[in-house]
Amino acid sequence: MRQTLDDVLLPVAAMLAALLLFGLFVWLGGASPVETWALLFKGAFGDWFSWQNTLTRAAPLMLTALCVALPARAGLVVIGGEGALVLGGLAAAAVPYLMPLPDNLIGTALLCSAGFAVGAAWIALAGALRQYRGVNETISSLLLAYTAIAIFKQLVEGPMRDPATLNKPSTRTLAEGLRIGGIAGADVHWGFVIGVVACVALGIWLVFTARGFSVRVVGGNPRTAQLVGLPASRLILLACALGGGCAGLAGAIEVAAVHTNANASLIAGYGYAGILVAFIARHNPIAIIPVAILFGGFGAAGSLLQRRLGLPDASVQVLQGIAFVLILASEALRGVDWHAAGARFRRSVPLDDAAPLAPVVTP
Amino acid sequence: MTADTTLALFAAILGGALRVGVPFLFVSLGECLTEKSGRINLGLEGVLVLSAMAAFGGSYLSGSPWIGVLVGAGAGAALALLHGLLCTLPRVNDVATGIALMLLGTGLAFYLGKPLIQPQALQLPPLALGSWSDSPVLQAALQVNPLLPLGVLLAVAMYWAFGRTRWGLLVRLAGDSASATKALGYSVGGIRIAATAAGGAIAGLGGASLTLFYPGSWNEGISSGQGLIAVALVIFAHWSPLRCVGAALLFGGAGAIGPALQSIGISQGYYLFGAVPYVLTLVILVISCRPGSVARGSPGELSSTR
């Protein structure tokens with residue numbers, strides 16, 4: 001009970017403190033903090049239009065957060081989700097070059113599976129390098145991400161470029177029937193639903209299946225896992241592949257629902273924001289859903305801050321950075337016994353206010 | 001390929017190694033100092049970008065590039081100090097904190113550096129090391145960053161300090177055994193905070209050489225992961241400051257292949273050549289790491305190599 005309370009209260013308190021500090025930060029730059037907070041809320045959750053923008057941005061965030069959370073549950077810190085995302089998007093855009101696709105849902109499913117497979121392979125590579133070669137997965141996944149972006153740019157501006165795109169090199173646009181549309185005519189596309197379903201399914205998988213449980217054992221205590229004979233390497237690779245697949249799927253969905261082709265706009269930092277989302281959600285797939293919506297909201301509010309208050313477009317990034325630092329620092333407060341701490345504090349302070357309780361009546 | 005193009009290609013790669021290698025040198029020296037004390041700072045990427053912006057701003061506002069260099073080092077030290085302090089808190093993981101500071105540092109740099117994208121700041125004057133040669137390509141290639149000799153000196157000084165001075169030995173002690181440090185009555189946290197902040201200041205010099213020498217302007221794509229490659233570079237250099245010099249120049253040269261080929265008219269695969277440093281780092285890691293064993297020269301307390 002106490003632990004669940006900490007799990008919820010600490011991140012919430014850290015987020016509030018981050019918003020407070022961010023207000024102070026913009027105030028130092030001469031902007032009104034109250035107006036900034038109001039615009040953050042308005043741009044994120046103020047009306048239906050903002051909500052649509054928020055949920056559209058939350059879709060890839062949920063999936064890239066899973067790319068951090070699942071390996072983390074197996075004991076790995078993987079931060080190269082951006083690489084899996086861009087390659088997933090590239091793979092989805094590449095499928096129509098390689099084979100004729102049915103112009104319907106089956107074709108879309110094929111695109112998404114291609115994205116999933118490529119993303120899964122990319123992050124599994126980082127996991128395999130760690131398991132079989134002892135290479136630190138945090139560094140290797142990030143190096144792989146930079147490499148992936150180079151491959152993406154090379155192919156999009158080279159062999160896969162649609163000659164009709166002059167200013168902004170892009171691949172050929174996907175056929176109408178292959179794209180992922182909005183839910184019931186809204187701007188929010190089905191990718192959001194896919195993200196939620198992925199979070200819920202993987203959350204259930206981790207908690208209620210033997211395989212998911214084994215992954216958590218490997219992450220929680222590798223020695224125990226070894227003693228009970230769990231195939232640690234295979235489980236770690238599975239967690240990496242599932243996570244990377246989710247990030248690749250995010251790229252495929254962004255291509256099929258938002259950009260309609262693969263171009264440089266796909267490299268928008270969703271992979272990096274996903275790291276933050278996963279850490280705040282404490283690598284719990286279910287908790288990722290609300291956190292991703294919150295940060296999707298901040299992303300959506302960014303342009304409003306830029307237009308109304310003239311803040312630089314990086315202000316959301318500053319807010320994210322502050323939030324991340326405070327979330328990690330709040331771990332230090334976990335399990336602190338507040339009663340004991342309070343008692344210690346009261347003992348150390350001279351009790352001046354004790355005097356009025358026992359007034360000395362002078363005759 | 002004629003002799004002239006070969007010379008041009010060689011000069012371009014050599015010049016590129018000297019230019020591109022300098023930021024690598026400083027970040028890897030900074031990371032080396034931090035890791036010697038037993039902590040890893042992935043946030044050096046953020047430190048690099050923030051200090052690059054601060055150095056450019058300092059030079060632009062004060063009119064002296066050297067003041068810019070100092071401002072850059074100060075900004076780097078401040079952000080790294082934050083990393084050092086945060087990691088001292090109980091239950092705070094240094095790898096995660098590094099990622100957070102990477103986000104915060106780049107965010108702050110882009111936010112505060114927005115007005116600095118247009119103007120030109122005074123640049124550091126180049127040292128003409130190529131005056132002995134009559135080939136203009138070589139002369140151009142050997143116009144080196146005045147911070148490069150400083151970096152080499154610093155590497156030698158660090159090598160000497162780690163072996164011979166009380167401070168250097170204390171840093172290594174904290175990195176190899178926290179309990180021994182405590183037993184001798186020193187504060188592990190204090191030593192690590194100081195080493196992390198000093199490492200940030202050194203990395204800040206690398207940021208300064210990005211905006212004040214090469215490429216010599218401030219924009220949001222100024223760093224392309226040099227701060228992270230530094231972590232791998234230090235592993236490659238087996239935590240030796242002297243080997244960091246060679247490793248940094250090697251990586252600088254690898255990063256210069258793409259532009260060098262472009263300068264002699266080969267522009268195919270430009271982006272792929274840009275990825276050479278990353279792939280090279282990965283290959284080196286794969287070769288130099290062994291599963292289940294600690295890398296040679298690695299500080300015993302380091303979490304990343306266990």
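Below, each value reflects all heavy atoms present in this structure, side chains not excepted, and no hydrogens, waters or symmetry copies. In what follows, chains are A, B, ... by sequence order, proteins preceding strands, each numbered from 1.
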> Quick check on Ile327(A) against chain B: is it the side chain, the backbone, both or neither that has a heavy atom closer than 4.5 Å?
neither
> Between Thr281(B) (side chain) and Ile229(B) (backbone), is there a donor-acceptor pair under 3.5 Å?
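Not a single qualifying donor-acceptor pair exists.
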> Side chains of Ile275(A) and Phe324(A), heavy atoms from C-beta outward: is any pair under 4.5 Å?
yes
> Counting only non-hydrogen atoms closer than 4.5 Å, does Ser315(A) touch chain B with its backbone (N, CA, C, O), its side chain (CB onward), both, or neither?
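Looking at Ser315(A), backbone and side chain both touch chain B.
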> Does any backbone or side-chain atom of Ser288(B) lie under 4.5 Å from a heavy atom of chain A? Answer side chain, backbone, both or neither.
neither
> Of the backbone (N, CA, C, O) and the side chain (C-beta and beyond), which part of Val318(A) lies under 4.5 Å from a heavy atom of chain B, both, or neither?
both
> Which one wins on heavy-atom pair count under 4.5 Å against chain A: Gly105(B), Ala109(B), Pro115(B), Ala96(B)?
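Most heavy-atom pairs within the cutoff with chain A belong to Ala96(B).
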> Who among Tyr132(A), Phe25(A), Tyr146(A) has the most heavy-atom pairs with chain B under 4.5 Å?
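If we count pairs closer than 4.5 Å to chain B, Tyr146(A) comes out on top.
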> Where does Phe152(A) contact chain B at under 4.5 Å (heavy atoms): side chain, backbone, both or neither?
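Neither part.
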> Tell me, side chain or backbone of Val26(A) under 4.5 Å from chain B's heavy atoms, or both, or neither?
both
> Ignoring hydrogens and geometry, is there a side-chain-to-backbone donor-acceptor pair from Ser141(A) to Gly80(A) under 3.5 Å?
yes
> Below 4.5 Å from any heavy atom of chain A, which atoms of Leu86(B) appear? Answer side chain, backbone, both or neither.
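Answer is side chain: those atoms of Leu86(B) sit under 4.5 Å from chain A.
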> Is it the side chain or the backbone of Ile79(A) that comes within 4.5 Å of chain B heavy atoms, both, or neither?
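Looking at Ile79(A), just its side chain touches chain B.
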> Look at the side chain of Thr34(B) and the backbone N and O of Arg39(B), then say whether any donor-acceptor pair between them is shorter than 3.5 Å.
no
> Is it the case that the side chain of Thr64(A) and the backbone of Tyr270(A) share a donor-acceptor pair, with hydrogens and angles ignored and the cut-off at 3.5 Å?
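A pair under 3.5 Å: yes.
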> Heavy-atom distance under 4.5 Å to chain B: side chain of Phe279(A), backbone, both or neither?
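Interface part for Phe279(A): side chain.
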> Do you know which of Glu331(A), Gln320(A), Gln317(A), Gln154(A) has the most heavy-atom pairs under 4.5 Å to chain B?
Gln154(A)
> Closer than 3.5 angstrom, by distance alone: can the side chain of Ser240(B) be matched with the main-chain N or O of Ala237(B) as a donor-acceptor pair?
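Side chain of Ser240(B) to backbone of Ala237(B), a donor-acceptor pair under 3.5 Å: no, none is there.
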> Tell me, side chain or backbone of Arg334(A) under 4.5 Å from chain B's heavy atoms, or both, or neither?
both
> For the residue pair Trp239(B) and Ser298(B), establish whether any side-chain heavy-atom pair is separated by less than 4.5 Å.
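Sidechains of Ser298(B) and Trp239(B): in contact.
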> Check for a donor-acceptor pair, side chain of Thr165(A) on one end and backbone N or O of Ser170(A) on the other, with a separation under 3.5 Å.
yes
> Can you tell me which portion of Leu129(A) sits under 4.5 Å from chain B's heavy atoms? Options are side chain, backbone, both or neither.
side chain
> Between Arg192(B) (side chain only) and Ser37(B) (backbone N and O only), is there a donor and an acceptor less than 3.5 Å apart?
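Pair found, side chain donor or acceptor close to backbone of Ser37(B).
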> Where on Gln131(A) is there a heavy atom nearer than 4.5 Å to chain B: the side chain, the backbone, both, or neither?
backbone
